[in-house]
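Quick notes on the structure that follows.
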Amino acid sequence: MNDQSIKKFRFGSPFETKSTVKSIPEEKGSPSFVDITADGKTISYRLGKNDKVYGMGEAVRGINKRGWIYETYCSDDPMHTETKRSLYGAHPFVIVDGESVFGIFVDYPERIVFDIGYSNVDMLSVTVGMPDYDLYVITGETPLDVVRRFRELIGKSYIPPFWAFGFQQSRWSYATSSSVRAVIDGYRKNGFPLDAVYLDIDYMEDFKDFTVNSDRFPDFERFVSEVGKENIHLVPIIDAGVKIEEGYDIYEQGRDNGYFCKDKYGNDFVAAVWPGKVCFPDFLNSRAAEWFGMNYKRLTDAGIDGFWNDMNEPAIFYSQAGLDNAIDKIASLKGKNLGIYDFFNLKDTVQGLSNSASDYSAIYHNADGERVCHDRVHNLYGYAMTKSASDAFRRIAPDKNILMFSRASYIGMHRFSGIWMGDNQSWWSHLKLNLQMLPSLNMCGFLYTGADMVGFGDNCTEELALRWLALGIFNPLMRNHAAIGTRDQEFYQFKDREAFRSLLRLRYALIPYLYSEFIRAAEENDMMFKPLAFEFRGDRFAEAVEDQLMVGSNIMIAPVYEPNALGRSVYIPEDMLAVRFRSEDDFTVSEVSQGHRFFEIPGNEVLVFIRKGRALPLVRSADCTKKLDLSTLYFIGEPSDGFTFTLCTEQGVRGGESVIAKTVFTFSGQTDPEKKIFRAAKQ
Ligand code: MIG
C-alpha cells in the first residue's frame, strides 16, 4: 500500500484533532472524484444507481448508509429510532462502492451533515459549517482496501486486556457491595461464566468522580480484592462533570488551577448533570487533562483495572442560564390565557433544556493557550477525556492493561479505548442495529465494542434476551446492561436457565477464536466484522445482505432478530458447513450449498457457518477467561491443504499493553468425521 492512494487537502485552518498518526503531504489543486463548492463548505459526488455507501461508524440504519442523512455530533440521545441523525460518537468517514471505489474522511470536529442520497437520491453531499477542515480522499481496489488505508492513517486500534473478552454484567445500579455479591452468586451458583460486574453512578458518594460511598461499599479495597480472587473484575463508571462542592478536593483542585471549561466571561462554566451543579474539566488543555487522568489512580490503587467513561458528549441536563430563561418564560405566562401554540412552545422550552445548542455555544476551552468556543471542538470532548485516562494509565500502572471504553468518541479515539453503543432499548430492532453497527464501527477503527446486550431502556422479554445472547456471544465487548427501573435481565433470572447457560458457555469456548481474530484485525488494520459485500465481491445477493456478518476470516453468522420466529432465511454465499450449536459440546454439522436457504433456529441454538477450507477453533469452556485451558483446543471444519490457524494469547503486559504470543496450528488428523472435528498441532 502506498501513500499515493491517500490524498490530503487542507481548507482554511483546521483545529488539530489528533485523529491521524501518519503525516500526509498536502495536495495542491482539487481532489478527484468529488466536487467542492467555491466557499469550501460542501463536498459532493454524484452516485451511480447501484453505488453503495458504507461507513459513519456509530449511526442508525443499515450497513449500506445510502438513503438517509446523518450528522456527526456527539449526542446523548437514548432514543435510537431510525429517524435520528446522530448518536454518541462522531465518525465522519464514508466509502463509496460503485464504478469508483473511494473513501472520504472529513477531519473536522464540529457538526458535519452527510446527506447520503436523502435530499437528492443520486447525490452524496457533505456539508460543514466553516471551511476549516482536512479532507482525505482514499482510493483502493475494494472497500476493504480503502478501510485498511484509512486505518493506517488513523493508527492501530486499542487492544483491551484478555479478560475483557469474558462476559460482563452491568445494571444501573448495583448500588451496594451486597447487590454486587448477589449478582456474582447468581452467575457462579448457576454455573454461568462471568468475568466482570459494573459499578454505575451509585457507587460514588453523591455522584462525585473518584469517590466511593463507604456506606454502600464498606472497605472497598477489600471487596475489590475479594471478588478479584473469584476472578471478577469490578468496572466503575466515571462521568465527565465534576460536582461543585466546597471541600471536595477534585472540584477545588480543578477550580483553583483553572482546569475547568469557562463561560464567555471567563468564569467556570456551570451546568447540571447527575451530581447537581458541575464543572467540566477542560480536556483540551493538556495540564487539565493530565490532572484529571491521574485521578483514576485513586481507584486503580484500590485494585480497579477497568473503567467506562460516561456523559462525555458532554451531556448537559440544564445550565443555570437555560433554566433561568425557561423559568422567566413560564413566569411571564402566568395568569395568561395560553394559545395552543404558546402551550407547545412552553413545553418545548422545558424539553429543550437538555443538551441545548445555546449551552454548548456558551462553553469555552483553553486549548493550551488558545481560547476556543466549544462549538468548534464539540466532537473531541469525550475523545480527550478518554485519552487523558489512557495516557495516565501508562504512568499509573504500566504493568497492567486497564480496560477502558467510552460513550462519546471521534476518529482517533480508537487508539486508546473501545466504545459501547450507548443507551439502546430492549427492542428487536436494536438487536439488529447491534449487528449492523459492528462492521461500520470496525471501518472506523473501533474494534472493541458492543451494544448493551438485551437492551438498556425498556423491559425485555425472555425470548429477546436469549436471541440477543446468540448475537452477543460474538461481540468483543459482551456486556448485559440495563437501565434503572427496567425488568431484571441478568441471564440467571430467566426461566430456561439451561439455554442461557449453554450459550454463555459457548461464548467462552469461542474466546480463543474471537481474541485471535480481534488481534489479527487490530494488527493488520482489518475489520473483525465484515459485511458479506466486502468478502464476496461481484455477488449481487451477497452485496445486498444487511443482516449477516463475517466474523473473522473463517465464519459467518446470521442471528435471528424477530420475535416468534421459526428461524430465518440466510444467504449462503458459497458452499459452507453449518454448525448448529446447542451447547459447546452438543452440536451437529452439515454441508450447505450456495444460495438462499431457510434455517429453522430454535432460541436455544446458535448457527455458525464455516467457510470452505477453513475451520473454527474451540476450547473447553470455563467459569472465567483465566481458567480457559488452551490445551483443549480443537477445530471444526474441513480444512484445505496447508490450513493454518494463528492462535493469539496474552502473555503478560508491558508498558500498559498486552504482550501477545502467537502459535501457529496445522492440521494433525481428524478425530470425528461426522462432526468434522479435527485436532491441530503446533507448527
Ligand atoms: O443519564 O449512569 O449511557 O449506561 O447506566 C444516564 C447511568 C447516565 C448513561 C449511560 C448508561 C448509564 C447511565 N448513564
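Bear in mind the structure is a predicted one, so any value in this text is a computation, not a measurement. Numbers for residues simply follow the sequence, beginning at 1. In each ligand, atom 1 is the first atom listed, and ligand 1 is the first ligand listed.
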* Look up atom CG in N442 and atom CG in L549, then write down how far apart they are to the nearest 0.5 Å. =>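 Rounded to the nearest 0.5 Å, the CG-CG separation comes out at 9.0 Å.
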Less than 3.5 Å apart, N/O on ligand 1 and N/O on the protein: could you list those pairs with the distances?
unit_1	atom_1	unit_2	atom_2	d
ligand 1	1 (O)	W274	NE1	2.9
ligand 1	2 (O)	D200	OD1	2.5
ligand 1	3 (O)	R407	NH1	2.9
ligand 1	3 (O)	D423	OD1	2.4
ligand 1	3 (O)	D423	OD2	3.3
ligand 1	4 (O)	H481	NE2	2.8
ligand 1	5 (O)	D200	OD2	2.5
ligand 1	5 (O)	H481	NE2	3.0
ligand 1	14 (N)	D310	OD2	2.8

* Has R479 got its NZ or CZ under 6.0 Å from the middle of the six-membered ring of W420, at an angle within 45 degrees of the ring axis? -> yes
* Asked: Cation-pi between K208 and Y248: NZ/CZ under 6.0 Å from ring centre and within 45° of the ring axis?
  -> yes
Hey, do the aromatic rings of [X] and [Y] have their centres closer than 6.0 Å?
| X | Y | result |
| --- | --- | --- |
| H91 | F446 | yes |
| Y296 | F307 | yes |
| F192 | F491 | no |

